[in-house]
Amino acid sequence: MAEWLKDVEPLTLKGRIAVPYSWWVGDTGSRFLMSLRDDRKILGTKCPSCGTVFVPPRKNCGRCFVDIEEWVEVAAEGVIEAHTIVHYAYPVQPVKPPFAYALIKLDGTDVGFLHLIKKDLDKIKNGLRVKAKFKEERTGSILDIDSFELI
Amino acid sequence: MDNAAIVGVAQTKYERRKKDQILADLVFDVTRAALDDAGLAIGDIDSVVTVSNDFFDGRTISGMAVGDAAGGEDKNISTVSGDGAFGAFYGLMRVLSGYKATIVVAHYKGSEGSVPITTNGMFDPIFHRHLGIDAISAAALQADAYMARFGIREEDVAQVSVKNHGNAKNNPYAQLPMDITVADVMKSRKIAEPLKLLDCCPISDGAAAIIIANEEIAARTKKKPVWVKGVAHCCEEYFLGDRRLSDPVALQDAARRAYAMAGITDPMAEIDVAEVLEPFSYMEPLWLEGLGFCKPGEGAHLIEKGITTMGGRLPVNPSGGALSANPILVAGLARLIEATLQVRGEAGDRQVKNAATALAHGFNGPCGQSHCVWIMGGKK
Ligand SMILES: [Zn+2]
């Protein structure tokens, strides 16, 4: 480094990229999100070939490389498969730390469903059962489920 | 496969903030240094691959901004927007398809953007991004899944951080050479459980470059060419919940194919040193399992038994690894450079004795969605 730079704060330009997007959630995503919003129900889809029940639902099975057409309503509760309690903050988080992320195997599904746990952090353990808590005001978003709570 | 070799390498020192250099400065320096290392001129290079990521750099088609600095003027230049180990793979394919010498250059300035916001952008915008998940919290889920499944204690993985920061003392390019203890790791600040501050990589700035060449060029370079004996990469599912996070199947597959190409049947016996990409401490044992150096769940025993320490049967990350400097995207290329230096016998104080065959590894995506494995050797 040049000598003169060692003792100075270099000139920086502040920037921010804020690009508006309007992502089409897809026909499969629409049905899933509308069901959260209108019926407080969690829907999955079931692969005709391997039988995997995916939630969020998928239109195709990447494992079998086939279309998926069968819809199934899955339980709003299930078992914690993995979790972490988060202690750092940054702007995208929807809740102030500490809070937890968990991969939850909802009853009737074969994959982990990623969501939040906000309460009873000291009691969380893998293998415990949790239940979805829906928001009162729902907009058709993954956050229409406020969080999962220990049963 | 035709023979191809790494004939030139260069790295910057990795630092928290390189306040005196912009990205193009870093790229120019390592490009020139890699040419000097090889004893080649820019006119000997006929193909350029940059490892550039738009979201990290804050520019659209970011590779264009460093093309001049990478010597890309009048050349066929292209970009990989992922880890440098994959950039090197693309560079190799270009040589195998007829170019004589490809320079692969990776660059990153973590000091200029936001790692959590940018890595949050890896995740699905409809189902996952609004939850605030990022690379660190995703890694913490994998750490929990892995450690809970096999009964691995936090102290066990803390040893990786102790080892790698200690190894970094022998690497002049490393950012965080440190004498620390397991107790220091254990009492460091909780980040996302079970990960604590000293289980996590730092934010880093830096750049690295390699030159991959065909036999004709390799015959007249200054340094001993280091030959590609085997290489493969493999990818698994995108959604974290679709994967079994404690079971790195993509890595197993990549390793199997790279070993088959290199004629390796017993990796522990036939590989002398490994550089694996471990931005989080738990990743080193998990990746060593995926690479077939031990059975699933036994990765942490390797360090406990001294196998992966300097002087052990398989030193892992003599450089200090990504725990000691993690310029994202550059970090996988740095692993390949370190493997190359080991085979050359030019790794200085971090040299593993008689390192004839070295493994380098990089990955892309949260929790290692895809992995790339390289086997490098001194003989054609
Ligand atoms: Zn299927």
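Each chain gets a letter, A, B and so on, in the order the sequences are listed, and its residues count up from 1. Just the heavy atoms: all of them, side chains too, but no hydrogens, waters or symmetry mates, feed the values below.
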Less than 4.5 Å to any heavy atom of chain B: does that hold for the side chain of [X], its backbone, both, or neither?
X: A:Val8; answer: backbone
X: A:Arg63; answer: side chain
X: A:Phe54; answer: side chain
X: A:Trp24; answer: backbone
X: A:Leu5; answer: both
X: A:Tyr88; answer: both
X: A:Thr52; answer: neither

Check: Does the pair A:Arg58 and B:Asp242 meet the rule for a salt bridge (charged side-chain N to carboxylate O under 4.0 Å, His left out), with working shown?
Finding: CA-CA 11 Å; A:Arg58 255 45 73 78; B:Asp242 291 2; 2.6 Å; yes
Checklist line | Residues forming a side chain to side chain donor-acceptor pair (under 3.5 Å) with B:Ser204, sequence neighbours excluded | finding: B:Gln175
Notebook entry, point to check: Do you know the tightest heavy-atom contact between B:Ala300 and B:Pro285?
Noted result: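 Heavy-atom minimum between the residues: N-CB, 3.6 Å.
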Next item on the list: Under the salt bridge (charged side-chain N to carboxylate O under 4.0 Å, His left out) rule, what do B:Arg257 and B:Asp253 come out as? Steps first, then yes or no, please.
Entry: CA-CA 6 Å; B:Arg257 286 191 262 163; B:Asp253 195 81; 2.5 Å; yes
Next item on the list: Just do the side-chain contact (heavy atoms from CB on, under 4.5 Å) check on B:Thr12 and B:Val30 with the steps written out, would you?
Entry: CA-CA 7 Å; B:Thr12 64; B:Val30 291; 3.5 Å; yes
Checklist line | For B:Lys19, salt bridge (Lys or Arg N to Asp or Glu O under 4.0 Å) partners two or more places apart | finding: none
Hey, is [atom1] on [X] packed in by over 12 heavy atoms from elsewhere, all under 6.0 Å?
X: A:Lys46; atom1: NZ; result: no
X: A:Trp23; atom1: CH2; result: yes
X: B:Lys13; atom1: NZ; result: yes
X: A:Arg37; atom1: CZ; result: yes
X: B:Met186; atom1: CE; result: yes

Next item on the list: Test B:Tyr282 against B:Gln142 for side-chain hydrogen bond (donor to acceptor under 3.5 Å, both in side chains), laying out the working first.
Entry: CA-CA 9 Å; B:Tyr282 78 89; B:Gln142 184 173 42; 2.7 Å; yes
Note to self: As an exercise: rank B:Leu195, B:Ile133, B:Leu240, B:Ile117 by heavy-atom pairs under 4.5 Å with chain A and give me the winner.
What the structure shows: B:Ile133
Check: Do you know which of B:Lys190, B:Arg189, B:Arg244, B:Arg243 has the most heavy-atom pairs with chain A at a distance under 4.5 angstrom?
Finding: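 Most heavy-atom pairs within the cutoff with chain A belong to B:Lys190.
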Notebook entry, point to check: Of all the residues in residues 122-130 of chain B, which have a heavy atom that comes within less than 4.5 Å of a heavy atom in chain A?
Noted result: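 Those residues of residues 122-130 of chain B which have a heavy atom under 4.5 Å from chain A are B:Pro125, B:Ile126, B:Phe127, B:His128, B:Arg129, B:His130.
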Proximity breakdown for [X] and chain A, heavy-atom pairs closer than 4.5 Å:
X: B:Ala148; result: side chain
X: B:Phe239; result: side chain
X: B:Gln21; result: neither

Note to self: B:Arg17 vs A:Glu9, test: salt bridge (charged side-chain N to carboxylate O under 4.0 Å, His left out). Steps then yes/no.
What the structure shows: CA-CA 12 Å; B:Arg17 184 184 179 204; A:Glu9 180 55 29; 3.1 Å; yes
Note to self: Closer than 4.0 angstrom, basic N to acidic O: yes or no for B:Glu15 and B:Lys109?
What the structure shows: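 Salt bridge absent between B:Glu15 and B:Lys109.
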Next item on the list: Indicate yes or no: does B:Asp205 engage B:Arg16 in a salt bridge with an N to O separation below 4.0 Å.
Entry: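 So B:Asp205 does not pair with B:Arg16 through a salt bridge.
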Notebook entry, point to check: Could you state the interatomic distance from OG (B:Ser81) to CG (B:Asp57), rounded to the nearest 0.5 Å?
Noted result: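 Here the rounded value is 8.5 Å.
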Next item on the list: Identify the residues of residues 92-123 of chain A whose heavy atoms come closer than 4.5 Å to a heavy atom of chain B, ordered by number, or report 'none'.
Entry: A:Val92, A:Gln93, A:Pro94, A:Tyr101, A:Ala102, A:Leu103, A:Val111, A:Gly112, A:Leu114, A:His115, A:Leu116
Next item on the list: Give the member of A:Val86, A:Ile142, A:Thr84 that has the highest number of heavy-atom pairs under 4.5 Å with chain B.
Entry: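 The answer is A:Thr84.
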